[in-house]
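The block underneath contains the structure these notes are about, expressed in structure tokens.
Computed from a predicted structure; not experimentally measured.
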Amino acid sequence: YLGVVVSQDTLWRVAEGYEKLELWEKAGELYGRLAVLCREPEQKALATLRLSNTYLARGDYPAALEQLQQFPPRFPKSRYFSRAQRVQGEVLFRQGKFMEAEESYHQALAAETDSVQSAEIRYLLGNCYGEMGNFRQAVESYQRVLQVAPGVGGAPSKGFIRESHFRIADALYALFRHTEAAQAYA
């Protein structure tokens, strides 16, 4: 890449450095190379996921979606499956494809074992429901996030948990449950 032979480990580190500096195009180029070079399936899966994240960060939703839609058939048993489905949901959400995003989030939730990640996916599901006008389902999703919150280490610092309180209130207000909305805002 740099005119010299470098190890895959070095490529990973440089790509991660570019990512931290938000140099998405350069990070994406390296993750694309790693997706080809890596022999181990989990490393290929991670490189593919990171590549799709760089596309998402650059706003290139079609390219991100292309990578993510190839993920399930290429890496069906990957430990990154849930994360890939979650990112796919985010891409679809940003494109305004809320029903498809909801489906991706449900697949991510079904595969997720981490309680913090599950809570965050439920928050994203609540956002989908809200955008589709399904405010009852939105309230239920946000309430499930808050049910997990006491068991989540550092929960108060998690923005999606704090935001769930406000989203519940907004959804209740949309359902004309103004008294409950006022209590939720308080």
Side-chain angles (χ1 to χ4, degrees), residues 1-2 6-38 40-76 78-114 116-132 141 145 152 154 157-164 166-167:
Y1 174 73
L2 303 172
V6 295
S7 70
Q8 284 184 21
D9 187 50
T10 301
L11 287 178
W12 278 105
R13 288 182 182 166
V14 172
E16 289 167 353
Y18 283 150
E19 220 173 347
K20 287 177 184 172
L21 295 170
E22 298 182 3
L23 297 170
W24 305 116
E25 196 165 321
K26 290 182 181 231
E29 182 182 330
L30 291 182
Y31 287 132
R33 286 177 184 244
L34 285 163
V36 172
L37 292 173
C38 291
E40 189 208 327
E42 284 300 291
Q43 290 293 317
K44 279 187 175 296
L46 180 58
T48 301
L49 178 59
R50 294 245 175 115
L51 174 60
S52 64
N53 279 327
T54 65
Y55 287 133
L56 174 62
R58 292 181 358 214
D60 188 348
Y61 303 138
L65 203 52
E66 181 181 334
Q67 291 296 318
L68 293 162
Q69 288 173 334
Q70 293 175 18
F71 201 93
R74 288 180 62 203
F75 311 109
S78 172
R79 68 178 182 244
Y80 301 111
F81 181 83
S82 176
R83 286 173 52 189
Q85 290 302 303
R86 181 184 162 195
V87 174
Q88 181 172 314
E90 188 172 342
V91 170
L92 293 165
F93 184 90
R94 289 185 184 189
Q95 291 180 313
K97 299 176 180 177
F98 304 119
M99 291 179 76
E100 292 175 56
E102 175 192 2
E103 184 179 323
S104 290
Y105 289 142
H106 277 294
Q107 290 176 4
L109 196 56
E112 188 56 65
T113 58
D114 181 80
V116 175
Q117 294 300 316
S118 293
E120 193 162 357
I121 294 166
R122 288 187 190 287
Y123 170 78
L124 296 169
L125 263 171
N127 292 346
C128 272
Y129 293 137
E131 288 294 331
M132 292 187 293
S141 282
V145 170
V152 174
S157 66
K158 301 288 183 192
F160 70 92
I161 294 173
R162 278 193 316 273
E163 188 68 23
S164 291
F166 295 108
R167 299 286 174 121

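For the atom pair Gln88 CD and Glu100 CD, the distance stands at 8.5 Å (nearest 0.5 Å). Here CD of Glu103 is found 11.0 Å from SG of Cys128. Values are rounded to the nearest 0.5 Å. Between atom OG1 of residue Thr54 and atom OH of residue Tyr18 there is a gap of 13.5 Å, rounded to the nearest 0.5 Å. The CG atom of Leu65 lies 10.5 Å from the CD atom of Gln70; values are rounded to the nearest 0.5 Å. The CG atom of Leu37 sits 11.0 Å away from the OG atom of Ser7 when rounded to the nearest 0.5 Å. Atoms CD and CD1, from Glu112 and Ile121 in turn, are 5.0 Å apart once rounded to the nearest 0.5 Å.
The ring-ring contact (aromatic ring centres under 6.0 Å, His included) test applied to Phe81 returns no partner, not counting sequence neighbours. Residues that satisfy the side chain to side chain contact (heavy atoms under 4.5 Å, CB included) test with Ala63, not counting sequence neighbours, are Tyr55, Asp60. Residues passing the ring-ring contact (aromatic ring centres under 6.0 Å, His included) test with Phe71, sequence neighbours excluded: Phe75.
Between Glu120 and Arg86 there is a salt bridge, since a side-chain N of the basic residue sits under 4.0 Å from a carboxylate O of the acidic one.
Counting all heavy atoms, side chain and backbone alike, Ala101 lies closest to Gly89 at CB-O, 3.3 Å. When every heavy atom of Leu92 is checked against every heavy atom of Ser104, the shortest pair comes out as CD1-OG, 3.6 Å. Contact record, Ala64 with Ser52: CB-O, 3.6 Å, taken as the closest heavy-atom pair.
Atom CZ of Arg167 has more than 12 heavy atoms from other residues, nucleotides or ligands within 6.0 Å. Under a cut-off of 6.0 angstrom, the local environment of CD in Glu25 is sparse, with at most 12 non-hydrogen atoms contributed by other residues, nucleotides or ligands.
Using a 4.5 Å cut-off on side-chain heavy atoms (C-beta onward), Tyr80 and Arg50 make no contact. Looking at heavy atoms from C-beta onward, Leu34 lies in side-chain contact with Gln8 at the 4.5 angstrom threshold. Residues Leu56 and Arg94 are in side-chain contact: their nearest non-hydrogen atoms beyond the backbone lie under 4.5 Å apart. Within the 4.5 Å cutoff, the side chain of Arg74 has no heavy atoms near those of the Pro41 side chain.
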Given the rule in the side-chain contact (heavy atoms from CB on, under 4.5 Å) test, do Leu46 and Trp12 qualify, once you have shown the distances and angles that lead to the verdict? CA-CA 10 Å; Leu46 180 58; Trp12 278 105; 3.9 Å; yes
Check step by step if side-chain hydrogen bond (donor to acceptor under 3.5 Å, both in side chains) holds for Ser78 and Glu42. CA-CA 6 Å; Ser78 172; Glu42 284 300 291; 3.2 Å; yes
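Tyr105 places a side-chain N or O within donor-acceptor distance of the main-chain N or O of Glu90, the cut-off being under 3.5 Å. Using modelled atom types, one side-chain atom of Lys44 and one backbone atom of Val36 make a donor-acceptor pair closer than 3.5 Å. Side chain of Gln67 to main chain of Leu51: no donor-acceptor pair is present (N/O by atom type, distance under 3.5 Å, no hydrogens or angles).
Applying side chain to side chain contact (heavy atoms under 4.5 Å, CB included) to Phe160 and the options Val145, Leu124, Asn127 leaves one that passes, Val145.
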